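Worksheet for the structure shown next.
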Number of protein chains: 2
Amino acid sequence: MTINTEIITHNISFFRKQKNWTQQELADKLKISRSVIAKWENNIVTPDIISLIKLSEIFNITLDHLVGNDSFRHDILKEFKRVYSSKTTPFDDEVIELIEFLMTNPTLKQEVQRIKNLPLKKQQSIQTVLSELIDQFEKI
Amino acid sequence: MTINTEIITHNISFFRKQKNWTQQELADKLKISRSVIAKWENNIVTPDIISLIKLSEIFNITLDHLVGNDSFRHDILKEFKRVYSSKTTPFDDEVIELIEFLMTNPTLKQEVQRIKNLPLKKQQSIQTVLSELIDQFEKI
DNA sequence: CGCATAATGTTCTAATTAGGAACATTATAC
DNA sequence: GTATAATGTTCCTAATTAGAACATTATGCG
């Protein structure tokens, strides 16, 4: 995937207009100069991460949404983005299933919690062993 | 909400270690100098948005998680609660924490999903072994 | 249309900041 | 305890940014 700043800067313009704000209004909210906004929107300058986070809050969208990051499409988290931007949509089945699976499997839930409480190195070791273990059971 | 870069740079360090990579390995993946990684992790320099997006892809997490975007997190949790209260299922805060844990830990998440897809008997076997495994690591 | 002014775009400058290479320190393995 | 891997730091150069001032374009209204 090729990443460029064009989408990001274009999105800033898009979401500002969606809110019906002028560059000056947005600049005031961020307490920066208006000309900076103009340069962001025309992709002359790329906003720093702090400004982007503030923008995502002001626009009430996720950072991933703001920067047009869809690389995690195959991840569970992609749905969170969707849910976040349209509250009427139910949760993704995958997420719900994972939750319900853990809620209905106290044993495994507890084990995950125990893993969660271990130091990182030990977590990694367990994951390595576990991966092998599952491999074997999948093969049987 | 106060935003600072500390969380971001700390997270880079955290997720790199979670993957068991050296700074050099991460630098190679990003095709940049290792010293830059070091400066990121020590909050001497703040990575630009393009690098952050690449990092989120490499770490396989969302940008929001990488930068520790809390406002996003709260909204997600609200959604969980909404969905679950409407299902009259008792809402379990512990599960939320687990989901959070799994979201920032793609490897383990995947393993749980694999377990979920196994037949019950095999699930139980794995849980038994896993329990013993965790025991040992907790004792060390 | 033609004017006023709101909105946006661009240029210039000063200052900050990032990145890489080299060097310094700390951690780890044997 | 030493060798080496891993990480931290400094110095330098190059690139980037924010703001102010100025230029252009868009919009509303008589």
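Letters A, B, ... are given to chains in the order of the sequence lines, protein chains preceding strands, and every chain is numbered from 1. Treat the numbers as computed from the prediction; the structure is a model and nothing was measured.
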Let's test your reading of the model: under 3.5 Å, does the base of C/dG19 pair with the side chain of B/S33 as donor and acceptor? no
First locate atom NZ of A/K54, then atom CD1 of A/I32, and finally report the distance between them rounded to the nearest 0.5 Å. 8.5 Å
Using a cut-off of 4.0 Å on non-hydrogen atoms, how would the nucleic acid contact of A/T22 be classed: base, sugar-phosphate, or nothing? sugar-phosphate
B/I49 CD1 to C/dT17 P, straight-line distance once rounded to whole Å: 18 Å
Polar atom pairs between nucleotides 25-29 of chain C and protein, under 3.5 Å, N or O only, would you list them?
none

With a non-hydrogen cut-off below 4.0 angstrom, is B/W21 in contact with a base, only sugar-phosphate, or nothing? nothing
Just how far, in rounded Å, is C1' of C/dA6 from CD1 of A/I37? 17 Å
Five pairs at each end of the helix from C/dC1-D/dG30 to C/dC30-D/dG1: take the axis at both ends and give me the angle between them to 10°. 50°
Which pairs, with at least one residue in residues 113-140 of chain B and sequence neighbours excluded, count as a ring pair (Phe, Tyr, Trp, His ring centres under 6.0 Å)? none
Choosing from D/dT17, C/dA21, C/dG19, which nucleotide comes nearest the side chain of B/V45? C/dG19
Gap between atom CG of A/D28 and atom CZ of A/R34 - 0.5 Å precision: 11.0 Å
Between C1' on C/dA24 and CG on B/N42, what's the gap in Å once rounded to a whole number? 14 Å
Measuring from atom CD of A/E138 to atom CG of A/L133, what distance do you get when rounded to the nearest 0.5 angstrom? 10.0 Å
Compare side-chain N and O positions of B/R16 against OP1 and OP2 of D/dA6 and report whether any pair is under 4.0 Å apart. no
Please say whether more than 12 non-hydrogen atoms of neighbouring residues, nucleotides or ligands are located less than 6.0 Å from CD in B/Q24. yes
If I take atom CG in residue B/L30 and atom C1' in nucleotide C/dG20, what distance separates them, rounded to the nearest angstrom? 15 Å
Is any side-chain nitrogen or oxygen of B/Q24 closer than 4.0 Å to OP1 or OP2 of D/dT7? no
N or O in side chain of A/Q23 less than 4.0 angstrom from C/dA6 OP1/OP2: no
Take the protein atom CD1 of A/I44 and the nucleotide atom C1' of C/dT10, then report the distance between them rounded to whole Å. 7 Å
Here the distance between atom C1' of C/dT17 and atom CG of A/D48, to the nearest Å, is 11 Å
Distance check, rounded to the nearest 0.5 Å: B/E57 atom CD versus B/L63 atom CG? 9.0 Å
With a cut-off of less than 4.0 Å, is there a side-chain N or O of B/W40 near OP1 or OP2 of C/dA18? no
How many Å lie between CD1 on A/I12 and P on C/dG9, as a whole number? 13 Å
For A/A38 and for B/K31, locate the closest nucleotide of DNA chain C by heavy-atom distance; then report the residue assigned to the nucleotide nearer the 5' terminus. A/A38
Could you tell me the separation between the CD1 atom of B/I50 and the P atom of C/dT17, rounded to a whole number of Å? 20 Å
Tell me what A/I32 touches on the nucleic acid: a base, only sugar-phosphate, or nothing, going by heavy atoms under 4.0 Å. sugar-phosphate
Test side chain to side chain contact (heavy atoms under 4.5 Å, CB included), reference A/W40, set A/I8, A/T5, A/I12, A/T46, output is A/I12
Do the side chain of B/S131 and the main chain of B/Q127 share a donor and acceptor less than 3.5 angstrom apart? no
For B/K17 and B/S13, does a side-chain donor sit closer than 3.5 Å to a side-chain acceptor? yes
Is there a donor on the side chain of B/R34 or the base of C/dG19 sitting less than 3.5 Å from an acceptor on the other? no
Say you draw a straight line from CG of A/L30 to CD1 of A/I37; how long is it, rounded to the nearest 0.5 Å? 5.0 Å
